[in-house]
Amino acid sequence: MTRDFGGARQGVFAPVDSQARVDAVVRRLGDAIELGLLADGEQLPGESDLATRLGVSTVTLREALMALRQQGLVTTRRGRGGGSFVTVPEGPAEERLRGLLIGWSTEELRDLGDHWAAVSGATARLAAHRTEPDDLVQLGRSVEQLAAAVEPPARSRVHGRFHVELAAAAQSARLTREAIALQTEVGALLSLVLADDECLKDVCDRHRAVICALQDGADDRARTLAEACVRLCVGRLVELRLATPGSADGSPP
Amino acid sequence: MGSSPRPAGAGPDLFGEVTAADVAARVRDTLEGVFDAVREIRDDAAALLTSVTAAGRQPETTDLAELRPGLQSRLTRLGLVSGAGFVAAPKLLADVPAWLEWWQIGSGGEVRPLLLDLDPEHSAYSDYTHWDWFALARDTGRRAVAGPYVDYLCSDEYSLTLSVPVTVDGRFMGVAAADVYLSHFEAAVMPVMQRLPAPAFLVNARGRVAASTCADYLTGALFKGPDFAAVPDGPADGVAHGGRRLRPCGGIPLILVT
């Protein structure tokens with residue numbers, strides 16, 4: 001059975017739009033592997049197919065695959081039954097995730113936070129007008145699952161689902177797709193933030209406060225709370241990024 | 001879809017005013033057509049599960065492959081339906097804990113399976129039993145219209161999902177269901193709604209707007225206040241609420257507000 005997170009997985013192979021295409025492809029596929037969107041041992045589509053779907057030239061794709069091989073995330077076998085396969089490397093996940101984080105400059109993280117806060121704030125505001133009690137049940141269930149999740153990757157997955165559910169509660173397919181794409185991008189990194197129990201508790205309390213605001217139909221409060229929670233998470237990421245040794249601010253790894 | 005001005009001198013057949021009863025009938029007929037297909041899927045699934053059980057086996061995912069030709073032909077035949085299938089109750093199948101035998105039709109007419117990760121170790125979306133299209137059919141034992149909702153599990157589209165429970169000897173086996181994208185539903189009912197003498201909208205049993213010619217209540221908005229639950233079983237010409245009239249659409253759990 002193929003792994004799929006609904007639209008999130010489709011996002012993995014959607015065209016990349018950055019100028020720095022090799023890095024964009026490396027980051028996209030690397031994050032997807034860290035997130036579990038692509039499974040250990042899963043065969044990637046053939047080079048020309050993959051290049052077409054990602055909207056990059058085959059040369060670019062090969063360079064990206066080379067970088068992924070160097071990170072130990074992809075193995076390429078030649079000959080019959082050959083191809084490129086996802087490999088989830090041994091070693092502490094946190095160390096590998098910190099490696100991923102180095103691929104982000106603080107400016108890129110700040111911009112990601114701006115984008116995510118804009119989407120999350122807007123969805124919270126709309127959801128306050130359009131939420132009925134049944135939407136709140138799903139959101140509440142996600143918060144309690146998040147509070148109870150033990151492993152950081154599981155925390156990150158459920159945390160991402162909360163944001164997707166929030167966008168769905170806003171009744172906007174476009175904002176939901178945007179939330180899914182954002183979670184695909186940020187999800188793996190967030191397990192670094194959510195690994196900290198105190199931070200997890202803080203995030204859960206903030207999510208509960210967002211739900212209360214939705215319940216009250218308090219649109220401004222819902223937006224403010226949702227934005228603040230995103231800023232908290234991204235702020236932690238920036239702190240971690242700045243504390244990661246051997247990485248000059250903004251420079252590629 | 002924008003509202004187009006009525007051409008002068010147009011005949012009443014195409015452009016004349018319609019009554020609320022006409023709109024309710026159009027909504028009913030549109031979705032009853034989808035329910036016909038969902039009931040066929042249910043019958044196919046129930047027959048299949050009955051024969052496997054009679055052979056003394058617990059069904060497996062491979063058994064459900066028998067449903068595919070029927071699903072594919074219904075998806076190709078019914079323009080309104082974008083996804084259809086059978087969703088197994090957890091633990092029904094011997095080889096997997098959960099399963100959607102679900103097929104979708106793309107914009108180019110290609111029919112393809114939905115392949116979800118249903119492993120809770122890897123996916124936060126592995127449990128589908130809380131979705132309305134599953135829970136309502138299971139808990140009430142009756143057919144259900146779920147939505148409008150953003151279907152972030154299957155299509156990322158704003159959708160209605162019509163479902164019926166599948167039972168064998170009284171035991172719940174899962175649901176048969178079909179997805180109708182809101183844009184397609186709107187295309188089916190708006191032309192007749194636009195011929196009403198005044199703006200109107202359709203809401204689901206929770207007051208969520210499913211289609212509207214009323215700029216104050218667009219699709220996805222909530223119309224709060226009335227007790228919608230009483231409307232479907234009430235009089236065919238509806239009940240009054242404030243200055244409005246709430247009218248049932250046959251046995252379909254949508255309510256026309258005029």
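Because the structure is a prediction, the values reported are computed rather than measured. A note on names: the letters A, B, ... follow the listed sequences, proteins ahead of strands, and every chain is numbered from 1.
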>> Under a 3.5 Å distance rule, please check whether A:Arg130 uses its side chain to pair with a backbone N or O of B:Ala221 as donor and acceptor.
In response: no

> Would you say A:Arg177's side chain and B:Asp156's backbone share a donor-acceptor pair under 3.5 angstrom?
Replying inline: yes

With heavy-atom distances below 4.5 Å as the criterion, would you say the side chains of [X] and [Y] are in contact?
{"X": "B:Leu222", "Y": "A:His129", "answer": "no"}
{"X": "A:Glu165", "Y": "B:Tyr152", "answer": "yes"}
{"X": "A:Gln171", "Y": "B:Arg208", "answer": "yes"}

>> Taking side chain as everything from C-beta outward and backbone as N, CA, C, O, which of these in B:Tyr158 sits under 4.5 Å from a heavy atom of chain A? Side chain, backbone, both or neither.
In response: both

>> So for B:Pro113, is it side chain, backbone, both, or neither that comes closer than 4.5 Å to the heavy atoms of chain A?
In response: neither

>> Counting only heavy atoms not in B:Glu110 (residues, nucleotides, ligands), do more than 12 fall under 6.0 Å from its CD?
In response: yes

>> Atom CZ of residue position B:Arg57 - does it have more than 12 heavy atoms of other residues, nucleotides or ligands inside 6.0 Å?
In response: yes

>> Quick check on A:Thr131 against chain B: is it the side chain, the backbone, both or neither that has a heavy atom closer than 4.5 Å?
In response: backbone

> By a 4.5 Å heavy-atom criterion (distance strictly below it), what part of A:Arg174 contacts chain B: side chain, backbone, both, or neither?
Replying inline: neither

>> Return the OH to CD1 distance between B:Tyr125 and A:Ile180, rounded to the nearest 0.5 Å.
In response: 6.0 Å

> Can you tell me how far the CD atom of B:Glu157 sits from the OG1 atom of A:Thr176, to the nearest 0.5 Å?
Replying inline: 10.5 Å

> Between B:Ala124 and A:Arg161, what is the shortest heavy-atom contact and its length?
Replying inline: O-NH1, 2.6 Å

